[in-house]
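First the structure, in the form of structure tokens, and then the observations on it.
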Amino acid sequence: MTILVSGGAGFIGGNFVLDWLRQGDERVINLDKLTYAGNLDTLRGLNGDNRHVFVHGDIGDRGLVDTLLATHQPRAVINFAAESHVDRSIHGPGDFIQTNVVGTFNLLEAVRGHWDGLPGDEKPAFRFLHVSTDEVYGTLSKDDAPFNELNRYEPNSPYSASKAASDHLVRAWHHTYGLPVLTTNCSNNYGPYHFPEKLIPLVILNALSGKNLPIYGDGQQIRDWLYVRDHCSAIRRVLEAGRVGETYNVGGWNEKPNLDVVHTICAILDELRPKADGTRYRDQIAFVKDRPGHDRRYAIDARKLERELGWKPEETFETGIRKTIEWYLGNQDWVQNVTSGAYREWVGKQYEVQL
Ligand SMILES: NC(=O)c1ccc[n+]([C@@H]2O[C@H](COP(=O)([O-])OP(=O)(O)OC[C@H]3O[C@@H](n4cnc5c(N)ncnc54)[C@H](O)[C@@H]3O)[C@@H](O)[C@H]2O)c1
């Protein structure tokens, strides 16, 4: 048996591929364009492992996706491929529309063609799982109930609008063509192998290198943090037992203002890696101008996933953030490769591109 994962060299996709192959031997075809966010160094441990086939390519390349589906006959496709950084979407939304909307459309069409041709017993068992975000629901005020699956879509950034559009396409491909889809909408992830443009890895790495810890606005934007391996276990569970055509919200029950997150990281670093001059890491905090249209609060009601599929996160924020910081401290070579840009040289060097 085989699954096809797109975007499996990114933060969540990379963790998913590693976890998947830690749990079993089902082969993974990993299609990734290797944008700046794709990092084959994350998958270094799979070098030479024939359960993992890396393919350098674009979900928007219909010929390539058709060939991969025909050659490898996956029983499921899991779509992680996306442009994923809100700030980048504000400065240049074009790539977000291209990959998140047009790319997902292309993938759906290729998968539909493949699924249509499957023999009778394989057709109902096939799955297309689309990995999406809680940001499609817009923003909450302090006293609003967390987002559940019935909340209206009210995306506020080019990123979330492009993900919302992709969710709608996935939904329509089920209702119109019967494609057996599943969608997950997850809150903010953190954990190992996170590209240091996002808050948590940025703060850890800036703190260690003596730089400012930039906080947007007043730092009171609330996010519901989920340890990435909990997200991976939720996706595996939804793939295994989710009801076709349904969406599942995935969250950590860990709402925290950004400033609290940064204070927690600083306190753990003070303990694990105290500064030689005796000052505290939180002294490096610098407030910067807020992001335009910055959503104030996200929170996920993940009870449907718990009720229907028995999934709950294993990590609290306190346990997950400590593991994350320990990982960054213990994996300085990965960090060096990212911060120096050397990780880009892994393309075509460590992996043969193969169909
Ligand atoms: N990071 C989060 O907190 C979070 C939370 C909820 C949902 N999500 C969603 O999960 C998915 C993965 O997020 P992430 O944080 O790992 O993102 P990421 O930016 O770290 O990784 C995205 C990966 O997709 C690849 N990619 C981009 N365009 C591609 C294309 N056209 N064809 C093939 N590959 C392409 C990149 O090279 C990269 O490896 C995204 O769909 C994102 O919207 C992320």
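Basis for what follows: all heavy atoms, side chains included, without hydrogens, waters or symmetry-related copies. When a ligand or atom number is given, it counts from 1 through the structure's own listing order.
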| query | Angle class for the Tyr137/Tyr153 ring planes (parallel below 30°, perpendicular above 60°, tilted otherwise)? | reply | perpendicular
| field | Stepwise side chain to side chain contact (heavy atoms under 4.5 Å, CB included) check, Lys275 with Gln284 | value | CA-CA 12 Å; Lys275 292 211 268 181; Gln284 291 168 228; 2.7 Å; yes
| query | How long is the gap from CG on Leu239 to CD1 on Ile3, to the nearest 0.5 Å? | reply | 7.0 Å
Would you mind writing out the side-chain donor-acceptor pairs for residues 9-18 within the sub-3.5 Å range, not counting sequence neighbours?
residue : atom : partner : partner atom : Å
Asn15   : ND2  : Phe11   : O            : 2.9
Asn15   : ND2  : Pro192  : O            : 3.0

| query | Would you call the rings of Phe128 and His130 parallel, tilted or perpendicular if under 30° counts as parallel and over 60° as perpendicular? | reply | parallel
Run through all N or O atoms in ligand 1 and write down each protein N or O closer than 3.5 Å, as a pair with its distance.
residue  : atom   : partner : partner atom : Å
ligand 1 : 3 (O)  : Asn189  : N            : 2.8
ligand 1 : 16 (O) : Phe11   : N            : 3.3
ligand 1 : 16 (O) : Ile12   : N            : 2.7
ligand 1 : 17 (O) : Ser84   : OG           : 3.2
ligand 1 : 19 (O) : Ser84   : OG           : 2.7
ligand 1 : 20 (O) : Phe11   : N            : 3.0
ligand 1 : 31 (N) : Asp58   : OD1          : 2.9
ligand 1 : 31 (N) : Thr99   : OG1          : 3.0
ligand 1 : 32 (N) : Ile59   : N            : 3.0
ligand 1 : 34 (N) : Lys33   : N            : 3.0
ligand 1 : 37 (O) : Asp32   : OD1          : 2.5
ligand 1 : 37 (O) : Leu34   : N            : 3.3
ligand 1 : 37 (O) : Thr35   : N            : 3.0
ligand 1 : 37 (O) : Thr35   : OG1          : 3.2
ligand 1 : 39 (O) : Gly10   : N            : 3.0
ligand 1 : 39 (O) : Asp32   : OD1          : 3.2
ligand 1 : 39 (O) : Asp32   : OD2          : 2.6
ligand 1 : 41 (O) : Phe80   : O            : 3.3
ligand 1 : 41 (O) : Val131  : O            : 3.4
ligand 1 : 41 (O) : Lys163  : NZ           : 2.6
ligand 1 : 43 (O) : Tyr159  : OH           : 2.6
ligand 1 : 43 (O) : Lys163  : NZ           : 3.2

| request: Give me the ring orientation class for Phe96 and Tyr159: parallel if the planes are under 30° apart, tilted from 30 to 60°, perpendicular past 60°. | output: perpendicular
